[in-house]
Amino acid sequence: MDFSFSEEQEELRKVVRSFLAAHSAETDVRRISEGAEGYDRQVWRRMAGELGLQGLAVPEEYGGAGFGYPELGVVFEEMGRALLCAPYFSSVALAAEVLLRSGDELAAKDLLPGICAGTTVATLALTEESGLWTEDGVSLSAARTGDGWTLSGVKTYVPDGHLADLLLVVARGQNGVSLFAVDATAPGLTRTRLPTLDQTREQARLEFEGTPARLIGSSGTAWPVIERALATAGILLAAEQVGSAASTLATAVEYAKARVQYGRPIGSFQGIKHLCADLLTELESARSAAYGGLWALQSGDEQEIRVAAALAQVYCSETFTRVAAGSIQVHGAIGFTWEHPAHLYFKRAKSTEVLLGSPAHHRELLAAALGL
Amino acid sequence: MMELQFGAEVEDFRDEVRTWLAEHLVGEFAEHRGVGGPTDGEAWEVRLAWDRELSAGGWLGLGWPREYGGRGLGLLEEIVFEYEYARSGAPYRATGNALDLLGPMLIAMGSEEQKQRFIPRILAVEELWGQGFSEPGAGSDLASVRTRAELDGDEWVLNGQKVWTTFGMQADWLYVLCRTDPDSTRHKGLSMLLVPTDQPGVEIRPIRSLAGQDEFTEVFFTDARTRADLVVGDVGQGWRTAMGTLGIERGATLLPAQLAYEREMDALLELARERGALTDPMHRRSLLDAWMSVRIMRTTNLRTVAELLQGRTPGAQATTAKLYASTNHQRMGHLAMQIEGAAGQIVADGYGLDVRQRSLLISLAETIYGGASEVQRNIIGEKVLGLPRDPKPL
């Protein structure tokens, strides 16, 4: 473990940052998030074709570039900064990760190359009406039909569920929880886009009525795979949260330098200065939590990964929310308007805070990992 | 648990440190594992003897030049040593102030004669030092120092008062920031003088802290004298000299402290388990948050160490770390006493504090010394975020 990013990783950061500056500026974010499509297909293809971002950390045998999690974390951080509107988290942090963890070599060889190439948008459909990210929360039923399977029930709060070409669905059969691949065009599948508080990230409700599905891995053994994939996703989401928080704090600080009241820039008043200093202190601590997670993933130490993932999700979720709210406070009334970008970050903070389960849920995962 | 990998080239050195500590951290020294702190004088005599043991083993001044008795080693070895030292739980070094602040200041800015005269005696633990910076009217606002020194022939004559000098009762020498240009104000006209305490013009009195201890002192100079050449850096440039040492202070002390907090956290979880506090939802949450804060301190410090080892200027986390650590350590102390419950209201005879009472009370100083939290926030706001300075003094 070297606990710092290499020159190559910093170089990757620059490349991604400049790509996103050109393709995910505030005007792009507003256009896409308020539009019907949810993402810009052309940008998505260029992310895969020119930069290889979708397959960055996928091994080469599955069509990826074979880089590590620190590299992927850098990409998520930059996407968080730019509030990129795209099914990247769902395709890469959730779907690709679940496939990689599934141990189903055939499925990985079939399905991962499309994700890496940017031709398949994929997601994980886990949560149901209860909104729980636990094994108990899975009730959608899987039934054996001849030599195949069909699914019946409802999934909701599925990130990019209506955009995805490939749905990885967690369902319950007679011998427990299994993972299935469902084609978006499969019969008996009804997808409804849900209007989201955070318009930069799409969600959908999926209804399955005897929908044919392909079993991934072996039947009844999926939960440890899901749990492990969620740990990775939690760490990558934490990196994204850190990037977003850093961006909105930087905007607030620039405003505090420029905005004059009582004849002085407001950032010269300790009321504002100390708020900004506290937010930076929290942000740097969140950075440690997220980066610690990336390095844990790289180390492959399973106990360390469980601990680091839970910590990163609790701390980065809560910090992003505090920083995003603090940024609105520093901006004053202008920060309360629809036109100002501060609310885009605040809403992203609120959605990511519970996207993979609430901080309370992750505190309990931490307690379990520590044996408390 | 993830650790910094130091690389094969220092493995021999690491073994040497571990072996020496295993052989020497025994008996009375081993009984005082984890004892002491920057402002904690507990078991002073044992710790001073331990410092001399370290000195005899050649473990003081690892990065200092060989010609003055140091080992001339690099930052990597220093960090490896501090890491292993903290892991062993060896007592906090009694002469930490001279080793961490004065020594590096002399090496950076002292004259050749000063280095030869003082550094070997610091390393031999023959002369003990106290810091004379703060005054009754100059705390966070150090530039308002009023203690005066005037040249009288080949000697400086000092008059004034210093306060909060840690371990002043034991000090043989003081390094004193004083005003050598009587017409100057603020940062100008200050000089850093080295002053012997064993003279009629220096009176040192203990100040009892709220923990019932006498580590702090106040120092009165009444026509106290010191040689004209005992100025560190140039006359009138004392502010620069002083700021150099404060920079060192912030960087050096966090790694050992954080390992000590990890041990405290382990003990707190043990106590919580015994008292059944883990099943109380509020305590459970607070304990998890405390655990997280200590883990975050660890990663933050490792980030800084890794950047230093790569020869890079550490990022913002190096500046925010002190505020985060001191605030969260205090919070942990409050939590520990809440979990201790009713028994925490009682002390032993002679105001004898248990480990949790002591840790909490002493932690109240951590958000004050080495730059109070409010000063830290100004530094973070202005130096890191580039926010405009506060209004000028009236």
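Please read all numbers here as calculations on a predicted model, not as lab measurements. Scope of the values below: all heavy atoms of this structure, side chains included, with no hydrogens, waters or symmetry mates. First the proteins, then the strands, lettered A, B, ... as listed; each starts at 1.
More than 12 heavy atoms of other shown residues, nucleotides or ligands fall within 6.0 angstrom of atom OH in A/Y255. Within 6.0 Å of CZ on A/R264 lie more than 12 heavy atoms contributed by other residues, nucleotides or ligands.
Heavy-atom pairs under 4.5 Å with chain A were tallied for B/R312, B/R273, B/R284; the largest tally goes to B/R284. When B/I380, B/L385, B/T300 are compared by the number of non-hydrogen pairs under 4.5 Å with chain A, B/L385 comes out ahead. Interface remark: of the candidates B/T327, B/D289, B/T304, B/V384, B/D289 forms the most heavy-atom pairs closer than 4.5 Å to chain A. Put simply, of B/A316, B/P388, B/G381, B/S373, the one with the most heavy-atom pairs under 4.5 Å next to chain A is B/P388.
Side chain to side chain, B/Q317 and A/S288 fail the donor-acceptor criterion of an N or O pair below 3.5 Å.
Residue B/L278 touches chain A through its side chain alone, counting heavy-atom pairs closer than 4.5 Å. Contact of B/L269 with chain A is made through the side chain alone, with heavy-atom distances under 4.5 Å. Contacts between A/F269 and chain B at a heavy-atom distance below 4.5 Å are absent for every atom of the residue. Both the backbone and the side chain of A/R363 have a heavy atom closer than 4.5 Å to some heavy atom of chain B. Interface remark: A/E7 contributes no atoms to any contact with chain B (heavy atom separation under 4.5 Å).
Just one of B/E307, B/R303, B/Q310 meets the side chain to side chain donor-acceptor pair (under 3.5 Å) condition when paired with A/S4; it is B/Q310.
Here the closest non-hydrogen pair linking A/G292 and B/T299 is CA-CG2, 4.0 Å. Minimum heavy-atom separation, B/L387 to A/G267: CB-O, 3.8 Å. Residues A/S285 and B/Y324 come closest through the heavy atom pair OG-CD1, 3.1 Å.
Looking at B/L323 and A/D278, their side chains come closer than 4.5 Å, going by heavy atoms from C-beta outward. Counting only heavy atoms from C-beta outward, the side chains of A/L372 and B/W291 never approach each other to under 4.5 Å.
Distance check, rounded to the nearest 0.5 Å: CE of B/M292 to CD of A/E318 gives 6.5 Å. Note that CD of B/E382 and OG of A/S268 are 9.0 Å apart. Values are rounded to the nearest 0.5 Å.
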Quiz item: Checking side chain to side chain contact (heavy atoms under 4.5 Å, CB included) for the pair A/L311/B/I296: CA distance, chi angles, key distance, verdict?
Solution: CA-CA 9 Å; A/L311 186 158; B/I296 284 170; 4.0 Å; yes

Self-check item: Chi angles and distances behind the side chain to side chain contact (heavy atoms under 4.5 Å, CB included) call for B/D390, A/Q270
Solution: CA-CA 7 Å; B/D390 287 0; A/Q270 292 191 347; 2.5 Å; yes

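Ion pairing between A/E304 and B/R295 holds under the 4.0 Å rule for side-chain N and carboxylate O. We find that B/E374 and A/K273 are not joined by a salt bridge, their nearest charged nitrogen and carboxylate oxygen being 4.0 Å or further apart.
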